[in-house]
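First the structure, in the form of structure tokens, and then the observations on it.
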Protein chains: 2
Amino acid sequence: MNGKIFRGSLDTIVIKLLTDNKEMYGYEITQKVKELTGGTMNITEGALYPALHKLEGKGILETQTRSIGNRMRKYYSLTKKGKKESVNYMKEMQSFLDQMQFLLNGKNNLA
Amino acid sequence: MNGKIFRGSLDTIVIKLLTDNKEMYGYEITQKVKELTGGTMNITEGALYPALHKLEGKGILETQTRSIGNRMRKYYSLTKKGKKESVNYMKEMQSFLDQMQFLLNGKNNLA
DNA sequence: TAAACATACCTAATTTTCTTAGGTATGTCA
DNA sequence: TGACATACCTAAGAAAATTAGGTATGTTTA
């Protein structure tokens with residue numbers, strides 16, 4: 001993913017998108033993130049596909065492969081477990097965002 | 001660093017602290033972050049020292065070693081180059097925080 | 001109609017950045 | 001004196017990315 005800072009946030013992005021959209025396929029996810037961020041964030045396929053496989057292996061995502069014409073698409077959706085755990089992913093990310101925002105904007109040199 | 005999500009943000013945290021505090025030594029940085037975040041973020045020394053050495057190698061930080069009694073402290077501060085580049089580090093992090101906040105809170109499924 | 005580009009999946013080698021688990025040495029406090 | 005804090009460090013391994021491919025179909029354009 002470009003923007004450089006992301007390491008660790010890809011899983012959370014995927015899970016959030018699948019919370020909002022029920023099911024999505026890999027390529028669709030890359031396009032959606034590009035669209036939502038006005039091109040600022042770009043998920044590379046080399047990062048995304050292994051991440052999807054990992055989340056499936058963990059039982060957080062499940063897949064359903066469908067043929068669209070002559071093309072095949074692998075749709076990902078949250079499992080029951082994934083829906084439960086998504087809350088923790090969001091909380092952890094929000095906590096990080098808050099702490100980081102505080103470190104950047106807080107008046108850190110008052111002492 | 002604990003919290004799991006941070007990968008990539010350590011450099012920015014260090015540079016921000018050195019923007020506010022002129023000069024700090026390694027151990028002081030770990031304590032300061034713990035203090036500022038109420039113990040939520042903990043920078044491990046195994047992550048910090050290599051990061052400091054890397055930033056020094058890049059010409060972003062410079063060091064001055066001082067003896068405090070029989071103890072030695074290695075003080076880090078921003079170089080001229082480091083001060084210039086710090087702006088970009090902050091901008092990039094802020095942009096990430098904004099985008100991420102939007103992805104988490106934005107109404108992503110209106111379409 | 002052939003070339004280029006978009007869609008759609010994937011992997012492997014390498015790099016970056018972290019965790020874990022040490023090591024060394026001095027200072028302080030119970 | 002033994003534990004804990006201060007203060008520096010490194011090395012092995014894991015995790016998650018980048019980079020650079022590969023395969024195949026569908027669409028657009030020169």
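Residue numbers start from 1 in every chain, and the chains themselves are labelled A, B, ... in the order their sequence lines are given, proteins ahead of strands.
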Interatomic distance, [X] [atom1] vs [N] [atom2] [rounded to whole Å]:
{"X": "I43(B)", "N": "dT20(C)", "atom1": "CD1", "atom2": "C1'", "value": "17 Å"}
{"X": "K32(A)", "N": "dT7(C)", "atom1": "NZ", "atom2": "C1'", "value": "17 Å"}
{"X": "L55(A)", "N": "dA15(D)", "atom1": "CG", "atom2": "P", "value": "14 Å"}
{"X": "L48(B)", "N": "dA11(D)", "atom1": "CG", "atom2": "C1'", "value": "17 Å"}
{"X": "Y75(A)", "N": "dT7(C)", "atom1": "OH", "atom2": "P", "value": "14 Å"}
{"X": "E45(A)", "N": "dA17(D)", "atom1": "CD", "atom2": "P", "value": "15 Å"}
{"X": "L52(A)", "N": "dC10(C)", "atom1": "CG", "atom2": "P", "value": "8 Å"}
{"X": "R73(B)", "N": "dC9(D)", "atom1": "CZ", "atom2": "P", "value": "14 Å"}

I want to verify a distance call: between [options], whose nearest atom is closest to the [X] side chain?
{"X": "N70(A)", "options": "dT25(D), dT7(C), dG27(C)", "result": "dT25(D)"}
{"X": "A47(B)", "options": "dT10(D), dT19(D), dC18(C)", "result": "dC18(C)"}
{"X": "Y25(A)", "options": "dC9(C), dC18(C), dC10(C)", "result": "dC9(C)"}

Taking only side-chain N and O atoms of [X], does any of them lie within less than 4.0 angstrom of OP1 or OP2 on [N]?
{"X": "Y49(B)", "N": "dT10(D)", "result": "no"}
{"X": "Y27(A)", "N": "dA6(C)", "result": "no"}
{"X": "H53(B)", "N": "dC8(D)", "result": "no"}

(message) Please give me the minimum heavy-atom distance between G26(A) and L52(A), naming the atom from each residue.
(response) CA-CD1, 4.1 Å
(message) Tell me the closest heavy-atom pair linking G59(B) and T79(B), and the distance in Å.
(response) O-OG1, 2.6 Å
(request) Could you say whether R71(A) or K54(A) is positioned toward the 5' end of DNA chain D, judged by the nucleotide with the nearest heavy atom to each? (result) K54(A)
(message) Can you tell whether the side chains of R66(A) and E23(A) come within less than 4.0 Å, N to carboxylate O?
(response) yes
(message) By the 4.0 Å heavy-atom rule, please label G46(B) as base, sugar-phosphate, or nothing.
(response) base
(request) Scan side-chain atoms only and decide if E56(B) and T63(B) contain a donor-acceptor pair under the 3.5 Å cut-off. (result) yes
(message) Pairing donors with acceptors under 3.5 angstrom, does anything connect the side chains of Q94(A) and Q101(B)?
(response) yes
(request) Could you say whether G69(B) or A51(B) is positioned toward the 5' end of DNA chain C, judged by the nucleotide with the nearest heavy atom to each? (result) A51(B)
(message) Does R7(A) contact dT16(C) through a side-chain donor or acceptor facing the base, at a distance under 3.5 Å?
(response) yes
